[in-house]
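This report concerns only the one structure given below.
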Amino acid sequence: MNDITLTREEREAKLEGLGCRRKRVEDIRFTQGKGNYVDDLKLPGMLHGDFVRSPYAHARIKSINKDAALKVPGVLAVLTAEDLKGVNLAWMPTLAGDVQMVLADGKVLFQGQEVAFVVATDRYAADDGVVAVDVEYEALPVLIDPFKALEPDAPVLREDIKDKMDGAHGPRRHPNHIFEWTVGDKELTDAAFSKAEVAIKELISYQRVHPSPLETCQCVCSFDKIKGELTIWGTFQAPHVIRTVVALIAKLPEQKIHVISPDIGGGFGNKVGAYPGYICAAVASIVTGKPVKWVEDRIENLTATSFARDYHMTAEIAATKEGKVTALRVHVLADHGAFDACADPSKWPAGFFNIVTGSYDFPTAYVSVDGIYTNKAPGGVAYRCSFRVTEAAYCIERAMDILAQKLGMDPAELRMKNFIKPEQFPYHSALGWEYDSGDYQTALNKALETVKYEDLRKEQAAKREAFRRGETREIMGVGVCFFTEIVGAGPSKNCDILGIAMFDSCEIRLHPTGAGIARMGTKSQGQGHETTYAQIIASEIGIPAEDITVEEGNTDTAPYGLGTYGSRSTPVAGAAIATAARKIKAKAQMIAAYRLEVHEDDLEWDVDGFRVKGLPEKFMSMKDICWAAYNSVPPGMEPGLEAVSYYDPPNMTYPFGAYVCVMDIDVDTGVYKVRRFYALDDCGTRINPMIIEGQVHGGLTEAFAIAMGQEIRYDETGNVLTGSFMDFFLPTAMETPHWETDYTVTPSPHHPIGAKGVGESPNVGGVPAFSNAVNDAFSFLGSTHIQMPHDFWRNWQAAKRLGVTG
Ligand code: PCD
Ligand SMILES: [Cu+]
């Protein structure tokens, strides 16, 4: 029986379901220092591993002498590529179809590359051992500038594949060439350009950056010789994929590998791939028979694990004089570093970069991407954007502003004029995507009204006049960005990782007392899945969210799933949760019908239970149904109440948003102030508005960091110049602007609850909004494009180039 003293609204509120600003349940342990991270794990007899890393960006290894290191008290072993060859693990496959050295085999290809792995009784002894390993190098010519990679006399980096002219993604033109990927109609696009009334062309670079989560990458590997089982605790965004990869390369039966991701201190894409540290710790544990821990330090994390971006995009737009776009052409030089270890679905060497037509109705478009090798760390992870989407959004949003400038048109007006219209959805883009839903006009109008856009432009015009008259040294920029994201990888028809379709999963098990546990193939790194996933279940089956425990990250207990990145958890696992819940509800309905002695069709769902149509007093709550499931199910029915769902999404989801940034820049110092930042996001049905706001705040802070300061920079000989937080910009509360958030709701038509992802959106939309603001500020001085990052020094340099300061 339901509690008749409660109103319908009160019963609904008790569930804390969809739309509720439910407080994050995981924060109770996080805010009290009771989280359980990899480095908290201490096993009896545990050893510690640490790497000897290359000081050179490109060098031949003449010799490695371990003798002195092995004499250091506490040092037990020093592994090199020669040792790994014995177990066939000197090289490992990458997610992108390339191979990568685990430990330097004959040569090193980037500064910080792993050369030897020292195993010792504690971390200090391991470090002493690292210093004592004597490596003799012979320096080789270094390739840092991606634009020189394909020159005939460029140094050959990958000697292992120099004659292999057929790569994982088709033919290669040069030993440093990885792939050429093209999409779109070249002929039609070229033809549109040849008759274009107006055209723009600009090299838009998106610098190399790094996700730098607060917790670095780490693992503990423990091999049980008796059982022949390997347990790996690690900072993995995709634990199941790691288990499968380990099974494949270590040739261990998959059920004898246990991968556990405990609490994770931020991932941001950095923890998707497999790193040499994992392999070395596993081998070291197998060799020594003891658990081995490997924990990166900050410098190692910044210089050797996966970078992001490093895309050099030459963008061209063709348009009519009235500002109607007619074609888009983009060539990308993609710097992948020493190995192609990009974390993309297997068939997508440049990720979903073909979302580059953005929110606009381009009749035709053509994109070509050349991937190349350089003497830099490998990687190419998302860093809060699914698979090169932020690069694409930056490219089109800068290019639209440049076009507006050339046409003498307002950038918001140009966008409005070219938007895909609501009635065009589902919309087939010229580059092959089917946008599921959108209402761009409404969102942009709401944004422009809220920030009083027209007044801002008037103020800017007045300020420019004042600047010209010498009354102020400050210039004002208004950055507009309208982005379309593509998240939820992905449909098995076009998305897999190493051949595994990119579905995700959920298993729900309800207990007799009306409480339960739910497990998924995804893994929260701070996003709050324990809170939000329970909300989906609460709304679907009427069990309060607080009575559902959400568990992720243990491959022994969770159903197989592809993990959390690319904002795929809500679109894919979120859908699996709803479909699993619906299976439970269907069985619950049969049980209720049996107990209420009516036909199933005579029942209707009412918040937290089933009611007999027309007989409101005949009601059975979900809680009571749970009990009944364990003692009196209909004859022939299995007892219990649980369900599993593996969800293969029919399409991606396409969140979007309208962002506006208002900035003032002092031309004599380059110092900027972000006066206002407004972010409107549409992620379809909102599960937890408070968590969404938190996600947007976090994402905008990272976007701010990237646009205004972050860069992994190298000198000509390949030294990393930004290897610590002294040089790599990580904003604190001091620098971070105030964020205003807003929303519209356009549900995804194919998602069971209409939700789209949101975690990445603020990065995708934020970076162009900041960069457009800076560029807009300088535009009246004759500048069309200033490269990121827009730190004080570079702003000042820009002002100097434009002749407005000394
Ligand atoms: N409609 C909606 C959507 C969403 N949501 C929420 O929100 C969140 C998010 O989601 P999504 O979007 O779906 O996502 P995911 O998958 O979960 O996650 C991922 C993301 O997430 C973000 N965020 C975050 N946060 C935190 N705290 N930490 C972290 O680390 C991070 N990371 C980042 C990244 S970078 Mo990549 O990996 O690069 O690709 S991608 C990413 C979760 O909780 C959910 O539930 C809601 O509520 N609603
Ligand atoms: Cu990206």
Side-chain angles (χ1 to χ4, degrees), residues 30 33-54 69 72 74-79 102-103 112-131 133 210-223 230-239 242 246 258-288 290-306 377 379 381 523 525-526 553 723-725 728 730:
F30 292 157
K34 293 289 190 314
N36 184 27
Y37 299 91
V38 172
D39 204 26
D40 292 322
L41 192 68
K42 292 177 179 72
L43 299 178
M46 189 170 74
L47 306 175
H48 297 258
D50 198 9
F51 281 111
V52 175
R53 294 180 180 271
S54 169
V72 171
V75 170
L76 300 175
V78 178
L79 298 180
V102 174
L103 289 171
Q113 187 178 336
E114 299 81 357
V115 175
F117 190 66
V118 178
V119 186
T121 47
D122 63 67
R123 180 73 192 254
Y124 302 98
D127 280 12
D128 290 343
V130 164
V131 179
V133 175
H210 193 283
S212 54
L214 281 187
E215 178 203 37
T216 59
C217 299
Q218 31 199 279
C219 70
V220 174
C221 296
S222 180
F223 185 68
L230 177 65
T231 306
I232 307 178
W233 292 264
T235 47
F236 309 130
Q237 293 183 231
I242 294 284
V246 172
H258 315 283
V259 175
I260 300 163
S261 296
D263 286 330
I264 296 184
F268 310 113
N270 192 212
K271 295 166 179 172
V272 172
Y275 295 120
Y278 308 156
I279 309 280
C280 289
V283 171
S285 178
I286 293 171
V287 170
T288 61
K290 300 245 169 75
V292 177
K293 181 184 269 188
W294 169 69
V295 173
E296 260 181 349
D297 67 24
R298 179 60 55 193
I299 295 177
E300 293 180 294
N301 181 257
L302 273 172
T303 55
T305 54
S306 294
V381 292
K523 175 63 202 167
Q525 311 122 43
S724 81
F725 288 153
F728 186 77
L730 196 80

Can you tell me how far the OG1 atom of T288 sits from the CE atom of M46, to the nearest 0.5 Å? 12.0 Å
Please check if the side chain of S285 supplies one atom and the backbone of K290 the other of a donor-acceptor pair under 3.5 Å. yes
Polar side-chain atom of Y278 near backbone of C221 as donor-acceptor pair, under 3.5 Å: no
Do we see a donor-acceptor contact under 3.5 Å between the side chains of T303 and H210? no
Do V295 and T216 have side chains that approach each other closer than 4.5 Å (heavy atoms only, starting at C-beta)? yes
Here the gap from H48 atom NE2 to L76 atom CG, rounded to the nearest 0.5 Å, amounts to 11.0 Å
Mind checking the CG-CD1 spacing from N36 to I260? Nearest 0.5 Å is all I need. 10.0 Å
Heavy-atom donor-acceptor pair, S261 side chain to F236 backbone, under 3.5 Å: yes
pair F51-L103: side-chain heavy atoms closer than 4.5 Å: yes
Give a yes or no answer on whether the side chain of D263 reaches the backbone of Y37 with a donor-acceptor pair at less than 3.5 Å. no
So, for V102 and C280, which heavy atoms are closest and what is the spacing to 0.1 Å? CG1-SG, 3.8 Å
NE2 of H258 to CG of L230: how many Å apart, nearest 0.5 Å? 8.0 Å
Within the side chain of E215, is there an N or O that forms a donor-acceptor pair under 3.5 Å with the backbone of P213? no
Rounding to 0.5 Å, atoms OH (Y275) and CD (E300) come to a distance of 12.5 Å
Closest heavy-atom contact between S306 and P211? O-CD, 3.5 Å
Search all heavy atoms of V38 against all heavy atoms of P262 and return the closest pair with its distance. CG2-CG, 3.8 Å
Note, F725 side chain near S212 side chain (heavy atom, < 4.5 Å): yes
Do you know the tightest heavy-atom contact between G129 and V75? CA-CG2, 3.9 Å
Where the side chain of R298 meets the backbone of G723, is there a donor-acceptor pair that is under 3.5 Å apart? no
Do any N or O atoms from the side chain of Q237 and from the backbone of G269 form a donor-acceptor pair under 3.5 angstrom? yes
What heavy-atom pair brings K271 and T235 nearest, and what distance separates the two atoms? CB-O, 2.9 Å
Show every side chain to side chain donor-acceptor pair (under 3.5 Å) that has at least one partner inside residues 112-128, sequence neighbours left out. R53-E114
Nearest-0.5 Å distance, CG of residue L730 to OG of residue S724: 11.0 Å
Give me the atom names and distance for the closest heavy-atom approach of A69 to V78. CB-CG2, 4.0 Å
